[in-house]
Amino acid sequence: MPGVPAPHDGRYAPSPTGPLHLGNLRTALLAWLFARRAGGRFVLRIDDLDQGRSRREHEAGQLADLAALGLDWDGPVPRQSARADRYAEGLAALEAQGLVYPCWCTRAELREAASAPHGALPEGAYPGTCLRLTAAQRAEREARGRPPALRVRADAAVVTVEDRLLGPSTQVVDDLVVRRADGTHAYNLAVVLDDHDQGVGEVVRGADLAETTGRQVWLARRLGLAVPAHAHVPLVLGPEGRRLAKRDGAVTLADRRALGERPEQVRGLLAASVGLCAPGATPAMDELVAAFDPARLPREPTVLRP
Ligand code: GLU
């Protein structure tokens, strides 16, 4: 366990479901720069809650790619899959506050519920169907024997999120899943406990996760944990304006190497895409640290034609 987190102790938390692509690598590089520029620690974590899609070989490949790019990190690299006891402890703390309830809704029911208007909650939010079951309805679902997911009751709490890049935003928290029907703890619960336990003071990650922040801030508060700062960095998009993916061409470090590019050239490409160096330059890591200024990062996604 680290000591007291400094505000700029940062992290990168890849899901080992495939090789990292240029978008992931750029997010990792930026997260590293945020932390190192401020003299903070930088830790990694393996987000392998989804055991069906996570592979050890991807995990090893991702760490090797980060190292090849020039990133270094502090301390061990925990796997979420080894932390179920800690997540159960967090869940128990929410249960002790009377906040947790079972949810038997099927995917189809969730889709249907999400498409109906429901007051203050955002589109796609869970409207609390299973919270309002009568005792008889609940008994009937229990008798069917299908295990429920567990949700936490948030009462449409309104959370103001401060983001270093995106500015302040107000998010309404729905009754989020904290444990899935298959017994796996949910991402939002895990990430809050992980970031706390790893001493993360600032969460830097891709802008696609900005909308999860309200839920995570709310959960951290319910669990009595210090809330980290947040900075959501712009995504890298492919030529069609969608999130960069395999179909877009040479998107992984291995693909780029196969084209004859060296890792420092890939790093230069990523750095140039956020204005940290001139196109074609190959700055060293310490030069990037010196050039890095979060306030001057672009806020808009970058389109790459790899
Ligand atoms: N594991 C997540 C991903 O690869 C990131 C989670 C996070 O940064 O909070 O998209």
Side-chain angles (χ1 to χ4, degrees), residues 5 8-35 40-63 65-66 69 71 73 77-83 86-87 90 159 161 163-166 171 173 176-178 180 184-220 223 225-237 242-246 251-253 301:
H8 298 296
D9 285 344
R11 49 76 151 181
Y12 182 62
S15 302
T17 54
L20 297 174
H21 58 61
L22 295 173
N24 306 129
L25 293 170
R26 190 175 81 170
T27 298
L29 176 63
L30 291 174
W32 184 91
L33 283 168
F34 267 85
R41 298 168 65 251
F42 182 71
V43 297
L44 295 183
R45 178 180 80 231
I46 303 297
D47 277 4
D48 62 348
L49 280 179
D50 184 348
Q51 283 286 290
R53 294 177 58 227
S54 297
R55 300 276 179 276
R56 284 289 166 95
E57 66 264 26
H58 291 316
E59 176 187 314
Q62 292 181 339
L63 297 187
D65 284 357
L66 294 173
L69 212 59
L71 273 65
W73 54 89
V77 182
R79 291 190 186 100
Q80 289 188 325
S81 59
R83 288 177 44 79
R86 175 64 172 128
Y87 306 147
V159 174
V161 175
D163 188 293
R164 192 126 76 108
L165 295 177
L166 305 177
Q171 299 185 9
V173 183
L176 54 143
V177 171
V178 282
R180 298 176 186 283
T184 316
H185 294 98
Y187 159 71
N188 284 304
L189 176 65
V191 76
V192 164
L193 292 164
D194 293 338
D195 285 335
H196 171 266
D197 292 355
Q198 284 190 282
V200 172
E202 183 166 45
V203 171
V204 177
R205 59 187 174 189
D208 54 331
L209 290 169
E211 64 183 27
T212 67
T213 310
R215 289 169 153 192
Q216 292 167 15
V217 167
W218 181 84
L219 264 182
L223 290 165
L225 307 176
V227 176
H230 290 87
H232 287 87
V233 300
L235 295 182
V236 176
L237 305 180
R242 285 182 292 173
R243 229 154 74 127
L244 196 69
K246 224 189 236 147
V251 293
T252 67
L253 196 57

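Position 1 is the first residue of the sequence, and the numbers go up from there. Only heavy atoms go into these numbers, but all of them, side chains included; no hydrogens, no water, no symmetry mates. For ligands, and for the atoms within them, numbers begin at 1 and follow the listed sequence.
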| query | Under 3.5 Å, side chain of Glu202 to main-chain N/O of His8, donor-acceptor pair present? | reply |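 Here the side-chain-to-backbone pair does not exist.
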*asked:* According to side chain to side chain contact (heavy atoms under 4.5 Å, CB included), who are the partners of Ala220, at least two apart in sequence or on a separate chain?
replied: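 Ala220: side chain to side chain contact (heavy atoms under 4.5 Å, CB included) contacts with Val192, Leu225, Val227.
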#### Entry: Residues that Tyr187 engages under ring-ring contact (aromatic ring centres under 6.0 Å, His included), provided they are two or more places apart
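Partners of Tyr187 by the ring-ring contact (aromatic ring centres under 6.0 Å, His included) criterion come out as none, since no residue qualifies.
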If the cut-off is 4.0 Å to any non-hydrogen atom of [X], which atoms of ligand 1 fall inside it?
X      : result
Tyr187 : 6 (C), 7 (C), 9 (O)
Asp47  : 1 (N), 2 (C), 5 (C), 6 (C)
Val191 : 9 (O)
Ser15  : 1 (N), 2 (C), 3 (C), 4 (O)

In this structure, are over 12 heavy atoms from other groups packed under 6.0 Å from Arg243 atom CZ?
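Not buried by this count: 12 neighbours or fewer within 6.0 Å.
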Test side-chain hydrogen bond (donor to acceptor under 3.5 Å, both in side chains) on Arg205 and His232; report intermediate values, then the result.
CA-CA 5 Å; Arg205 59 187 174 189; His232 287 87; 2.9 Å; yes
> Hey, does Arg11 come in under 3.5 Å of ligand 1, counting only N/O atoms on both sides?
Replying inline: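 Checking ligand 1 against Arg11, an N or O pair does fall under 3.5 Å apart.
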- Side chain, backbone, both or neither: the part of Leu209 lying under 4.0 Å from ligand 1 by heavy atom: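 It is the side chain that touches ligand 1; the backbone stays farther off.
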* **Structural part of Tyr12 in contact with ligand 1, heavy atom criterion under 4.0 angstrom** =>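 Within the 4.0 Å criterion, Tyr12 makes no contact with ligand 1.
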query: If we ignore angles and hydrogens, is there a donor and acceptor under 3.5 Å between the side chains of Asp48 and Gln80?
result: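 Side-chain D/A pair, Asp48 to Gln80: absent.
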Identity and distance of the protein heavy atom lying nearest atom 5 (C) of ligand 1:
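Protein heavy atom at minimum distance: Ala13 O, 3.4 Å.
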